[in-house]
Amino acid sequence: MVARVDLPNMDGAGRDRVDVYAHAVRGLLALEADGAKREKYLDFIDIYAGLTDNEMRRYRREYPEEGSIVTGFVQRARAEGIERGIERGIEQGIEKGRAEGGRAVLERQLRKRFGQLSPGTAERLRQAPEAELATWADNVLDAATLDEVFRTTP
């Protein structure tokens with residue numbers, strides 16, 4: 001059987017807004033174990049409740065256990081989000097470094113094989129997507145001319 005927790009209305013019908021917020025947060029903590037969902041639902045409760053700064057301070061003072069759980073949870077969730085963002089940034093940086101390294105190697109090979117590159121060719125290399133650079137890197141091994149390097153069909 002699923003536990004039922006009635007979440008109160010924030011319309012102020014005889015209930016204190018801080019108490020209503022505390023009741024909603026207790027219900028969330030009792031019903032939802034998934035951290036990502038808790039974060040999403042807590043954001044909804046925060047927006048829905050619209051507590052003022054003074055009301056939020058009072059909530060933390062009068063409901064220290066829930067307040068510390070919620071604060072700790074939000075801080076952990078934000079820290080995890082920041083860590084994920086840093087990891088994504090590192091991965092993107094590594095990918096960009098690989099692409100730029102491949103581009104630089106191809107440019108060196110072209111210069112060694114065909115001499116100085118025209119400004120248009122150098123720009124074409126800078127603007128090319130990775131897949132095209134890979135094709136050109138393969139082509140440079142067999143091409144007799146610079147035009148043959150840049151062909152896209154075998």
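Residue indices begin at 1 and follow the sequence shown. Everything numeric in this text was worked out from a predicted model, so none of it was measured. Keep in mind that the numbers below use all heavy atoms, side chains included, and drop hydrogens, waters and symmetry copies.
Considering all non-hydrogen atoms of both residues, Ala24 and Ile45 come closest at O-CD1, 3.8 Å. Between Ala137 and Leu106, the shortest heavy-atom distance links the atoms CA-CD1, 3.8 Å. Minimum heavy-atom separation, Ala49 to Tyr21: CB-CD1, 3.5 Å.
Residues meeting the salt bridge (charged side-chain N to carboxylate O under 4.0 Å, His left out) test with Glu32, sequence neighbours left out: none. The salt bridge (charged side-chain N to carboxylate O under 4.0 Å, His left out) test applied to Arg126 returns Glu123, not counting sequence neighbours. Residues that satisfy the side chain to side chain contact (heavy atoms under 4.5 Å, CB included) test with Thr145, not counting sequence neighbours, are Asp147, Glu148. Scanning for salt bridge (charged side-chain N to carboxylate O under 4.0 Å, His left out) contacts around Arg103 gives Glu100, with sequence neighbours left out. For Arg57, there are no salt bridge (charged side-chain N to carboxylate O under 4.0 Å, His left out) partners two or more places apart in sequence or in a different chain.
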side-chain contact (heavy atoms from CB on, under 4.5 Å) evaluation trace for Tyr41 with Lys37: CA-CA 6 Å; Tyr41 297 147; Lys37 288 181 181 177; 3.8 Å; yes

side-chain contact (heavy atoms from CB on, under 4.5 Å) assessment of Glu132 paired with Phe150: CA-CA 9 Å; Glu132 204 163 25; Phe150 293 112; over 6 Å; no

Stepwise salt bridge (charged side-chain N to carboxylate O under 4.0 Å, His left out) check, Asp53 with Arg58: CA-CA 9 Å; Asp53 289 342; Arg58 193 176 126 223; over 6 Å; no

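For the pair Arg17 (side chain) and Glu55 (backbone), a donor-acceptor distance under 3.5 Å is absent. Remark: side-chain polar atoms of Asn139 are paired, donor with acceptor, to backbone N or O of Arg151 under 3.5 angstrom.
Interatomic distance, Gln116 CD to Thr121 OG1, rounded to the nearest 0.5 Å: 10.0 Å. Between the CG atom of Leu110 and the CH2 atom of Trp136 there is a distance of 9.0 Å, given to the nearest 0.5 Å. Note that CG of Leu28 and NE2 of His23 are 12.0 Å apart. Values are rounded to the nearest 0.5 Å. Distance CG/Leu117 to CZ/Arg108: 13.0 Å, rounded to 0.5 Å. Note that OG1 of Thr52 and OH of Tyr59 are 14.5 Å apart. Values are rounded to the nearest 0.5 Å. Here the straight-line distance linking atom CG of Asp19 with atom OH of Tyr63 works out to 3.5 Å at 0.5 Å rounding.
Sorted by first and then second residue, the salt bridge (charged side-chain N to carboxylate O under 4.0 Å, His left out) pairs involving residues 109-118 (not counting sequence neighbours) are Glu107-Arg111.
Note on Glu91 versus Arg88: no salt bridge recorded, every NZ/NE/NH1/NH2 to OD/OE distance being 4.0 Å or above.
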